[in-house]
Amino acid sequence: MHFVDPSREVLAETLLAAGPDSPTLCAGWRTADLAAHLYLREHRVVTALAMALKPLSKVSDEAIRRLADKSRSSAGYNELVQAFRAGPPRLSPLRLKPLDQTANLIEYFVHTEDVRRAPSRWAPRALDEEYSNALWDELVKRAAILYRGVDLGIILVRPDGPRHVAKRAAVSVAITGEPGELLMHAHGRTKHALVTFEGQADAVALLQSAEIGL
């Protein structure tokens with residue numbers, strides 16, 4: 001089953017419910033900034049390229065800031081979110097389902113939670129089993145990259161049994177959680193991920209202080 005389209009809908013609804021000036025877990029971004037990011041990465045090739053290349057981050061940051069500033073009114077914000085909701089342009093490669101899955105399944109889940117978990121009180125969503133499995137499959141593909149900055153072995157463990165060795169080293173830490181929670185941890189939302197750790201105390205402390213994610 002292709003989960004990206006319903007994930008886009010959930011993200012759009014979450015953004016609309018939050019309004020343009022709500023906090024997110026993305027440092028320095030309110031919801032208008034996040035909506036601008038989501039729109040630009042699919043509709044502006046140059047900006048999307050700048051997002052992917054760290055030396056060009058100032059270019060993408062400025063484009064996001066300009067669009068967000070234009071969209072802070074209720075009407076402007078609603079228009080921006082609806083434009084994102086409508087999907088990429090007709091000739092965009094993101095119209096291809098395999099690429100759409102790779103580029104957007106995790107992106108949409110994490111950013112939905114960036115809005116949902118920013119307030120002090122939040123609760124995890126109950127996810128469909130097939131959706132959780134799809135998130136797990138995508139996490140397994142990129143876990144080694146997400147944890148590359150950690151000087152430890154990393155083992156990702158699901159409560160229902162499956163496990164994945166993301167990185168090998170002499171000393172390892174096992175991180176246990178549902179796929180969505182593991183995703184949040186792997187993308188640097190470590191204080192907002194419902195996971196547990198198993199390993200030597202100093203190794204767990206090192207993990208908790210490490211830079212994780214892209």
Are [X] and [Y] close enough for a salt bridge, meaning some N to O gap below 4.0 Å?
| X | Y | value |
| --- | --- | --- |
| Arg95 | Asp100 | no |
| Asp5 | Lys97 | yes |
| Arg72 | Asp33 | yes |
| Arg158 | Glu178 | no |

| Audit row: Asp69, Arg65, salt bridge (charged side-chain N to carboxylate O under 4.0 Å, His left out) steps and yes/no | CA-CA 6 Å; Asp69 286 348; Arg65 186 194 63 76; 2.8 Å; yes
Side-chain touch [X]/[Y], heavy atoms, less than 4.5 angstrom:
| X | Y | result |
| --- | --- | --- |
| Leu139 | Leu146 | yes |
| Ile106 | His187 | yes |
| Lys167 | Val173 | no |
| Glu198 | Thr176 | no |
| Leu80 | Leu38 | no |
| Glu42 | Ser92 | no |
| Ser71 | Glu79 | no |
| Ile212 | Val150 | yes |

Any idea which heavy atoms bring [X] and [Y] closest together, and the distance?
| X | Y | answer |
| --- | --- | --- |
| Ala36 | Ala68 | CB-N, 3.9 Å |
| Ala18 | Thr31 | CB-CG2, 4.0 Å |
| Ala143 | Ala166 | CB-CB, 3.6 Å |
| Ala35 | Tyr77 | CB-CE1, 4.1 Å |
| Arg117 | His192 | NH1-O, 2.6 Å |
| Glu107 | Ala103 | CB-O, 3.6 Å |

If hydrophobic clusters are built from ILVMFWY residues whose side chains come within less than 4.5 Å, do [X] and [Y] share one?
| X | Y | result |
| --- | --- | --- |
| Phe3 | Leu135 | yes |
| Ile154 | Val171 | yes |
| Val81 | Leu94 | no |
| Ile145 | Leu207 | yes |
| Phe197 | Leu152 | yes |

| message | Consider side chain to side chain contact (heavy atoms under 4.5 Å, CB included). Of Val157, Leu182, Leu156, which one does Val195 pass it with? | response |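 That would be Leu182.
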| Exceeds 12 heavy-atom contacts within 6.0 angstrom, atom CD of Gln82 |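 Buried by this count: over 12 neighbours within 6.0 Å.
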Indicate the ring-plane relationship of [X] and [Y], choosing parallel, tilted or perpendicular according to the 30° and 60° boundaries.
| X | Y | result |
| --- | --- | --- |
| Tyr108 | Phe84 | perpendicular |
| Phe109 | Tyr131 | perpendicular |
| His185 | Tyr147 | parallel |

| query | Counting only N and O atoms by type, is there a donor-acceptor contact under 3.5 Å from the side chain of Ser172 to the main-chain atoms of Arg168? | reply |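 Absent.
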| Do side-chain atoms of Ser7 reach the backbone of Leu105 as a donor and acceptor pair under 3.5 angstrom? |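 No; judged by distance alone, with no hydrogens or angles, the pair does not exist.
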| field | Residue pair Thr190, Gln208: steps toward the side chain to side chain contact (heavy atoms under 4.5 Å, CB included) verdict | value | CA-CA 8 Å; Thr190 54; Gln208 291 176 326; over 6 Å; no
| task | Could you give me the CA-CA distance, side-chain angles and deciding distance for Leu16 and Arg85, then say whether side chain to side chain contact (heavy atoms under 4.5 Å, CB included) is met? | result | CA-CA 11 Å; Leu16 289 173; Arg85 184 184 222 156; 3.6 Å; yes
Spacing of [X] atom [atom1] and [Y] atom [atom2] [to the nearest 0.5 Å]:
| X | Y | atom1 | atom2 | value |
| --- | --- | --- | --- | --- |
| Ser60 | Leu40 | OG | CG | 9.0 Å |
| Leu34 | Ser22 | CG | OG | 11.0 Å |
| His111 | Leu11 | NE2 | CG | 8.0 Å |
| Asp137 | His164 | CG | NE2 | 11.0 Å |
| Ile175 | Glu181 | CD1 | CD | 12.5 Å |
| Thr112 | Glu9 | OG1 | CD | 11.0 Å |

| said: Side-chain heavy atoms under 4.5 Å apart, restricted to Ile/Leu/Val/Met/Phe/Trp/Tyr: what other residues fall into the cluster of Trp122, or is it alone? | reply: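 Leu194, which link up through side-chain heavy atoms under 4.5 Å apart, make up the rest of the cluster.
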| request: Show your working on side chain to side chain contact (heavy atoms under 4.5 Å, CB included) between Val110 and Glu113 and close with a plain yes or no. | output: CA-CA 5 Å; Val110 171; Glu113 297 305 312; 5.9 Å; no
